[in-house]
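Chain identifiers are assigned alphabetically (A, B, ...) following the order of the sequence lines, protein sequences preceding nucleic acid strands; residue numbering begins at 1 within each chain.
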Number of protein chains: 2
Amino acid sequence: MKTLIKNVYALLPDGTTPLTNIMIDRDKIASIGEVPEDFRAAKVIDGKDKFAVPGFVNAHTHASMTLFRSYADDMNLMDWLNNMIWPAEAKMQEEDIYWGAMLAAVEMIEGGTTTFADMYGPYMEKVAEATADAGLRAVLSRGIIGVAPDGDAKIEENVSLYKDFHGAADGRITVMFGPHAPYTCPPDFLKKVAKTAQSLGAEVHIHMAETKAEIEQITKAYGKRPFRYVEETGLFDGKGTLAAHCVHLDEEDIAIIKKHGIRVAHNPGSNMKLASGVAPVPRLLKEGVCVALGTDGASSNNNLDMLEEINLAAMLHKVSTLDPLAVPARTALKMGTEYGAKAVGLTGVGKLEAGCKADITLFDMNSAAWYPRNDLASLLVYSAHADSASTVLVDGKVLMEDKELLTLDKERIFYEAQKCAERLTK
Amino acid sequence: MKTLIKNVYALLPDGTTPLTNIMIDRDKIASIGEVPEDFRAAKVIDGKDKFAVPGFVNAHTHASMTLFRSYADDMNLMDWLNNMIWPAEAKMQEEDIYWGAMLAAVEMIEGGTTTFADMYGPYMEKVAEATADAGLRAVLSRGIIGVAPDGDAKIEENVSLYKDFHGAADGRITVMFGPHAPYTCPPDFLKKVAKTAQSLGAEVHIHMAETKAEIEQITKAYGKRPFRYVEETGLFDGKGTLAAHCVHLDEEDIAIIKKHGIRVAHNPGSNMKLASGVAPVPRLLKEGVCVALGTDGASSNNNLDMLEEINLAAMLHKVSTLDPLAVPARTALKMGTEYGAKAVGLTGVGKLEAGCKADITLFDMNSAAWYPRNDLASLLVYSAHADSASTVLVDGKVLMEDKELLTLDKERIFYEAQKCAERLTK
């Protein structure tokens, strides 16, 4: 099926925002520019007063944790985990995982996100089901904690997830391995995960260097910092690694990241709210490291709004380096789209360019935040909000049109998610 | 006229959020709780699925500068001022000031802001006119630059503004004096402003200690830091002072702030985007200083979204102090409402409490960001966005109902503002 987005301002990979047309053929962008005479569109989307950008890529989240949104805020991290989150998580059933992910899916689509990289469990197959139902693109991993007695069973769950869902939903779902973090996975366990992932040719998604406490704990336990510790287990020797957070880095850590081509998922909102610290993002970008953006879970952020993360990435690094040019608007947008796709291991995603997947978000510019129209990319990053997202396509399929969700029943999802949350937290 | 907001969750001054009713009699909240039997409402607003909070108080902005939104971003401050903003401002006519303020009014009402403290000029009477037309509450001051040749004329403009508009629009408009900043006002000039303001019993609105460069410049010129410098001119000896920014403070500065009861307008968004630095807000709050929130102008922020400032206030200070409890959600909300009203010199504003002005914003909770409903204040600050604001009252009068603006013609305003901006910036 062919779709035409007509007369739309579009953010191209070179940062320009011309008024143009986007031709879509099945799941891909066929071309951008003049409408070819022989292009017969079955569906035409009017782009008037709309701004088309690549759908956002949320490079690190825990979708089902959306059920814990606003359940435990303004607390110390260990207090939050020990007394609130872990007891509630222990009660989670399959339906909680599903409805939590469905609530996340509503929020992601309504905010213009088209891809998310998720690490959670158990029952990750329910997140896959939610992804398929919603029509989103997802990179799933089973969060594997090695210090738990059932660590090996969790590796097996990740193997099953890989075998059952890698390439599923018309290829929209891919699977990584999800060893949780250096402080929850002992060396022999990480070696086992590395070996298993590498035997399948699978990539790895892991939390790295999130807090000062983690650096201290690992250094005390192993006599080396987290990056060196994990490197020596061989985990970084596989097909590729997506490392979330990377807040506290020294020169050796950065050298390890570069050596293994590790892609970083920066989570400014979560790092701010949990007071984890400020990741050296301008430095990493300057070193050529692929830095993407993630929301982290809605229990620590507290939303799944990628435009907010893009804004925070642009704002936080300016003030923390006292350099107003530290992360410009267009760089932040690339982090949330093109670099995001690269970070989560997808090629041909994250750009408005012929041959790329038709994962596209149209922002409606008919509100005060979009006037005057001096610079559309700047308006999007510094002024507008996620609610301006009006039409969202994934794989060329329309998931939301003029604010109406076409794949999801919002009322039902809100009802079920509320019911699950009450059972888990009361 | 009596208005009833029925069956609504309301954020009370003690931080609780009960399901209740709000009775309004003319411009004030008559009571909150059970509906009195003899309360005959001419208008009933259904509060179902709504969250009522005091209307936000934007304690520092330059409304008409909204015309320069996205005109010059990702630049160094002096570059931005010298080469972009000042040349464009030099062209501003009465109509630009009016339509810029009207565009700001649309954005403020749609985002739940009911009061704004504005410093700008010339033609501040046009901002007063826009305030009256929109139905907003405003605290206006003529921005006075003493280093310009027409400094004295600007003082006279502020005197006229005071005489013509202090108490205007049914008391919704009050007027302060607006000496711009220590680095634009020499000592004798500040003394003249102080004397003039004090002879009228007027308060003062001034930028203070915004950048490191300002501290260095004033210290070099006068052998003392900005707060001591201004204190010695007598400017702080009048009825009251609203000091915007206050980013770079030492012990003596904080002592001067406390001694004179100076109220601080913190602008986290602007300070982040312009890379000015992080104000010591947790310290000021601990010292009992009244700290409010402002957006600054939309040319440096780039929007007038107070909920975003509330969120940033809660987030920025957590990460900059590495303390996840630094500014909790409810404190940030008070900064944007109750403390804001106090900071801009208004009494009986900024709280949902019997006897207070009926300046109220209702947030529609029927979206993913508001589920699950664990903690409404937390959801508002950390998850929701300004677009959830659905109904706004000022002085008991409805300015927006279910997202429909009742006092402003949005299409016309967007058109006129765009036209003005094009003339100024092309």
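Note: Ala369(A) leads Ala369(A), Ala417(A), Gly277(A) in heavy-atom pairs under 4.5 Å with chain B. Ranked by heavy-atom pairs under 4.5 Å with chain A, the first of Glu110(B), Lys410(B), Glu107(B), Met75(B) is Met75(B). For chain B, the option among Ala421(A), Pro328(A), Gly269(A), Ala104(A) with the highest count of heavy-atom pairs below 4.5 Å is Pro328(A). Each of Asp305(B), Val327(B), Asp323(B) has some count of heavy-atom pairs under 4.5 Å with chain A, and the biggest count is that of Asp305(B). In terms of heavy-atom pairs under 4.5 angstrom with chain B, the leader among Ala377(A), Ser367(A), Ala298(A) is Ser367(A). When each of Phe414(B), Tyr71(B), Phe68(B) is checked for heavy-atom pairs under 4.5 Å with chain A, Phe414(B) comes out on top. Comparing Asn366(B), Asp73(B), Asp74(B), Val278(B) by heavy-atom pairs within less than 4.5 Å of chain A, the highest count is held by Asp74(B). Per-residue heavy-atom pair counts under 4.5 Å with chain B were compared for Ala329(A), Ala368(A), Ala314(A), Ala386(A), and the maximum is reached by Ala368(A).
You'll find the side chain of Leu274(B) stays beyond 4.5 Å of the side chain of Pro324(A), heavy atoms only. In this structure, Leu312(B) and Leu312(A) have side chains that are in contact, with non-hydrogen atoms separated by less than 4.5 Å. Side-chain contact between Asn76(B) and Leu325(A) is present, with at least one heavy-atom pair separated by less than 4.5 Å. Put simply, the side chain of Lys273(B) reaches to within 4.5 Å of the side chain of Met315(A), judged on heavy atoms.
Taking CD from Glu422(A) and CZ from Arg373(B), the interatomic distance works out to 10.5 Å, rounded to the nearest 0.5 Å. For the atom pair CH2 of Trp370(A) and CD of Gln418(B), the computed distance is 13.0 Å after rounding to the nearest 0.5 Å. Atom OG of Ser388(B) sits about 8.0 Å away from atom CG of Asp387(A), to the nearest 0.5 Å.
Of the two parts of Glu411(A), only the side chain, counted from C-beta on, holds a non-hydrogen atom closer than 4.5 Å to a non-hydrogen atom of chain B. Looking at Ser276(B), only its backbone comes within 4.5 Å of chain A, counting heavy atoms on both sides. If you measure heavy-atom distances from Lys419(A) to chain B, you find no contacts under 4.5 Å at all. For a residue to count as touching a neighbouring chain, one of its non-hydrogen atoms must lie under 4.5 Å from one of that chain's; by this rule Leu316(B) touches chain A with backbone and side chain alike.
Among all heavy-atom pairs drawn from Asn303(B) and Ser383(A), the shortest one is ND2-O, 3.0 Å. Taking each heavy atom of Lys318(A) and Met272(B) in turn, the nearest pair found is CB-O, 3.2 Å. Leu322(A) approaches Ala275(B) most closely through the heavy-atom pair CD2-O, 3.4 Å.
Distance alone, capped at 3.5 Å, is enough to place a donor-acceptor pair between the Asn374(A) side chain and the Arg69(B) backbone.
Summarising the local packing, NZ of Lys48(A) is surrounded by 12 or fewer heavy atoms from other residues, nucleotides or ligands at distances under 6.0 Å. Residue Lys212(A) places its NZ atom among 12 or fewer non-hydrogen atoms of other residues, nucleotides or ligands, all under 6.0 Å distant.
Of the candidates Ile413(B), Val106(B), Leu67(B), Leu103(B), Tyr371(A) forms a side-chain contact (heavy atoms from CB on, under 4.5 Å) with just one, namely Leu103(B).
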